[in-house]
Amino acid sequence: MRLSKTFVKTLRDAPKDETAKNGSLLIRAGFIHKEMAGIYDYLPLGLRVIENIKSVIREELNKIGCEEILMTALQNPEPWEKTGRFSNQEVDIWFKTELSSGGILGLAPTHEEPITSLMKSYISSYKDLPLYVYQFQNKFRNELRAKSGILRGREFLMKDLYSFHTSKEDLDEFYHQVELAYNRIFERMGLGDSTFETFASGGIFSKYSHEFQTFLPVGEDTVYYNNDKSVVLNKEVFNEDVLKDLGVENEKFEEATAAEVGNIFKLQFKYSEPLGLKYIDEENQQQIVYMGCYGIGVSRLMGVIAEKFADEKGLVWPETVAPFKYYLIGIGENGIKEAEKFYQGREDITLLDDRDKRPGEKFADSELLGIPFRVVISDKTLANNEVEITERKTGQSWRVKLAELFEKF
Ligand code: ATP
Ligand code: MG
């Protein structure tokens, strides 16, 4: 991508109407645009980050046998009425709208009801099970407070996975596969050391659910962790009984703030029973389908990564999610010529700063945008047949031979 050709511009000053660091930096760097509180647009660079996060998630879910679908955001009230969740008293974050032909529609805050309902068309026998489907889908939630940038959107991108089983054991086994997949996903995004599977409340069918909490000063959740962080609990379940149940009543716990980047839930019959999702077993008996659901906040993850790794100069993206690998600057006649050469064939991993700006401004923007490696080819370095590489994360610079750059990068 050529910076001279994109409509996006970086901003010198922090936007006044954005208090969250992630939102402020992402707006300044041209990754997102703010429409109003909790409502954002994703611009070319921001969209690339989102797509990279999606790719990692998609790879790990496909590995454990999940199939991708895309459901509609528009919600027929019917299945929601069957579970009691269409009422504003029960679910207080609905956006609802009207059909011009009469009747009301909801904008999906999540998809348990419609997916359970959809599966009635496809599941009838034990031979149809198990199955696992997921989607990347914009959810709508009329959040009361939306002051955390893209950590809490009124429209946000979620990955939601739903699993369907004939037995509790099969659900347990798949649930464990998802735990492992989630650990790999957060690890690959550079959040392995700071993201912990956390005990949370389980509802009527399950003792606990699990959240994946990334320790973060501006996170909205409070968690408690033991000495080696092998047991982490959400504040909502942090009590004597639960500690005893987990066998850690004598350990010392400390408090931390964290952002929930994902959660997993053994739903069992919570939705399949009221919605009548059943199958015929080997003995020709009708049984209720066991279900699980598993979310990841894709856009929140982007905000968490932005917030967590940023420094005083700007964003710092881990390579797996960075919009580009190289931020390329050519200085001087030959420097520009060589930079153009390097850019050829590497357009998809290189952001070429070919704008008519002073090198100082380009250097500052390379830091604000947080691209992992800055490559500077200037007449000065070319005098020794060299180019300068700077790693954004560490600020370390080194030189490599021009030929080596073309061969190895
Ligand atoms: P929270 O406790 O943060 O309100 P939740 O428990 O309601 O979230 P789920 O309904 O389980 O969340 O959604 C799955 C995932 O979607 C969450 O783990 C979180 O990462 C993300 N998420 C939830 N609400 C938002 C939001 N308003 N903006 C961005 N991401 C969100
Ligand atoms: Mg939660």
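Remember, it's 1-based here, ligands and their atoms both numbered in the order they're listed.
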Set of salt bridge (Lys or Arg N to Asp or Glu O under 4.0 Å) partners for Glu113, sequence neighbours left out = Arg85
Output yes when Glu143 and Arg152 qualify as a salt bridge under the 4.0 Å nitrogen-oxygen rule, no when they do not.
-> yes
Do any N/O atoms on Asp221 end up under 3.5 angstrom from N/O atoms on ligand 1?
-> no
Report yes if some heavy atom in the side chain of Ser397 is under 4.5 Å from a heavy atom in the side chain of Ile389; otherwise report no.
-> no
From Phe140, Tyr294, Phe156 - option closest to atom 26 (C) of ligand 1 by heavy atom = Phe156
Heavy-atom gap Leu151 to ligand 1 smaller than 4.0 Å = yes
Ligand 1 and Gly153, any nitrogen or oxygen pair closer than 3.5 angstrom?
-> yes
In chain order, what residues pass the ring-ring contact (aromatic ring centres under 6.0 Å, His included) check against Tyr208, with sequence neighbours excluded?
-> Phe199
Is Glu143 touching ligand 1 with its side chain, its backbone, both, or neither, if touching means heavy atoms under 4.0 Å apart?
-> side chain
Of the side chain and backbone of Met158, name the one, both, or neither that has a heavy atom under 4.0 Å from an atom of ligand 1.
-> side chain
So, does Asn263 sit close enough to ligand 1 that a heavy atom of it is under 4.0 Å from the ligand?
-> yes
Examine Tyr326 together with Phe409 and report whether their ring centres are nearer than 6.0 Å.
-> yes
Is there side-chain contact between Gln137 and Met158, with heavy atoms separated by less than 4.5 Å?
-> no
Atoms of ligand 1, numbered as shown, that sit under 4.0 Å from any heavy atom of Arg141 = 5 (P), 7 (O), 9 (P), 10 (O), 12 (O), 13 (O), 23 (C), 24 (N)
Is the distance between the ring centroids of Tyr182 and Tyr294 less than 6.0 Å?
-> no
Below 4.0 angstrom from a heavy atom of Val261, which ligand 1 atoms are there? Numbered from 1 as shown, please.
-> 18 (O), 20 (O)
Geometric N/O contact Ser299 with ligand 1, under 3.5 angstrom = no
Any idea which of Glu220, Arg152, Met302, Lys139 brings a heavy atom closest to atom 3 (O) of ligand 1?
-> Arg152
Quick one: do Lys313 and Asp311 make a salt bridge, cutoff under 4.0 Å?
-> no
